[in-house]
Protein chains: 2
Amino acid sequence: MPQPQPESIEFDHPCPIRDVLDRIGDQWSVLILLTLQPGTKRFNALMREIGDISKQMLSRTLKHLEQDGFITRTVYPEVPPRVEYRLTELGHSFLEPMQALVTWADAHHRTIAEARRRYRGGE
Amino acid sequence: MPQPQPESIEFDHPCPIRDVLDRIGDQWSVLILLTLQPGTKRFNALMREIGDISKQMLSRTLKHLEQDGFITRTVYPEVPPRVEYRLTELGHSFLEPMQALVTWADAHHRTIAEARRRYRGGE
DNA sequence: CCGCTTGGGTCTATTTAGTAGACCAGGTCT
DNA sequence: AGACCTGGTCTACTAAATAGACCCAAGCGG
């Protein structure tokens, strides 16, 4: 029994932003939540839509998101198995302020791209 | 000459959110920006305030943030050297929608902590 | 004059996190 | 019987992050 992943689940920091960012601020969480925004999706559908995530990371991140109450996981006892992921109220409420950020990104990505080019050029 | 870090700087995805998230969605960027919000800070001051970041990651992340136009880096040619980092207009404008998220985190971190406990308990 | 201190990093070795891809269950279709 | 389906897990490999030694050049104490 290798028991490889202790999956440390601690609220170490006194600062809540740190905690939430630690979870949400990884490479995939926000992307998964955004992908689930339109509605319920299955595991492989998420894989396809996101594209460049590994199964393990998708699985792990979904587990974290479920654990933190952002999504629910429903297993239908069929063969082949069917598992559906869907946003909870908390998940939806999170995406509200997140939308503001997405809008910002949309509005400013040109500026950023330009800054990046300038930096490269003027190096 | 090892030349170890190609520092790939590409705008691969057609989707701007992906791009912006890839950069500011790492462990440290947002934290650094938030730390710089009150005003100009020096390298070691950032180290101390953030606490658990390594020099290398701080250096690298600051470079990325400068590159993308979120902050400016000013070197005063003194000895010992003094280097100051400060938010640009873009940096400040980013923190506006970000603030909404911080507020959300503040409001919901209890709910999340509770969900996490429930998950652990009911496992 | 020697050696210590100071700030802002870089370099290297080690630990950790993420990826790719093989594998599994078990019922259906051919 | 054998191939195929989904939603994962396991293992071996690779990429990324960390810790900590090291560097530079001026100033300062003795």
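Numbered from 1 within each chain, the chains take letters A, B, ... in sequence-line order.
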Report the distance from atom [atom1] of [X] to atom [atom2] of [N], rounded to the nearest whole Å.
| X | N | atom1 | atom2 | value |
| --- | --- | --- | --- | --- |
| L62(B) | dT10(C) | CG | C1' | 14 Å |
| M47(B) | dA19(D) | CE | C1' | 10 Å |
| R48(B) | dT6(C) | CZ | P | 12 Å |
| N44(B) | dT5(C) | CG | P | 16 Å |
| E66(A) | dG7(D) | CD | C1' | 14 Å |
| L58(A) | dG8(D) | CG | C1' | 10 Å |
| Y76(A) | dG8(D) | OH | C1' | 18 Å |

Same apolar cluster: I71(B) and V75(B), side chain cutoff 4.5 Å
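The answer is yes; both residues are in one hydrophobic cluster.
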Base contacts versus sugar-phosphate-only contacts with protein, heavy atoms under 4.0 Å: please encode nucleotides 18-30 of chain C as B, S and - from 5' to 3'.
SBB-----BS---
Donor-acceptor contact below 3.5 Å, side chain T61(B) vs main chain M57(B)
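Here the side-chain-to-backbone pair exists.
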Which nucleotide sits closest to the side chain of K63(B): dG7(D), dT10(C), dG8(C)?
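The nucleotide sitting nearest to the side chain is dT10(C).
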Hey, does Y85(B) reach any base, or is it just sugar-phosphate, or nothing, if we go heavy atoms under 4.0 Å?
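Answer is sugar-phosphate: Y85(B) comes under 4.0 Å of backbone atoms only.
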Any side-chain N or O of R42(B) under 4.0 Å from OP1/OP2 of dG8(C)?
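Yes.
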Any side-chain N or O of S59(B) below 4.0 angstrom from OP1/OP2 of dG8(C)?
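No, S59(B) has no side-chain N/O under 4.0 Å of OP1/OP2 on dG8(C).
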Would you say the side chain of [Y] lies within less than 4.5 Å of the side chain of [X], judging by non-hydrogen atoms?
| X | Y | answer |
| --- | --- | --- |
| M98(B) | L33(B) | no |
| T111(A) | E89(B) | no |
| L62(B) | L46(B) | yes |

For E114(B), is there an ion pair with R118(B) - N to carboxylate O distance below 4.0 angstrom?
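E114(B) and R118(B): salt-bridged.
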Is it true that D52(A) and R18(B) make a salt bridge, defined as a side-chain N closer than 4.0 Å to a carboxylate O?
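Yes.
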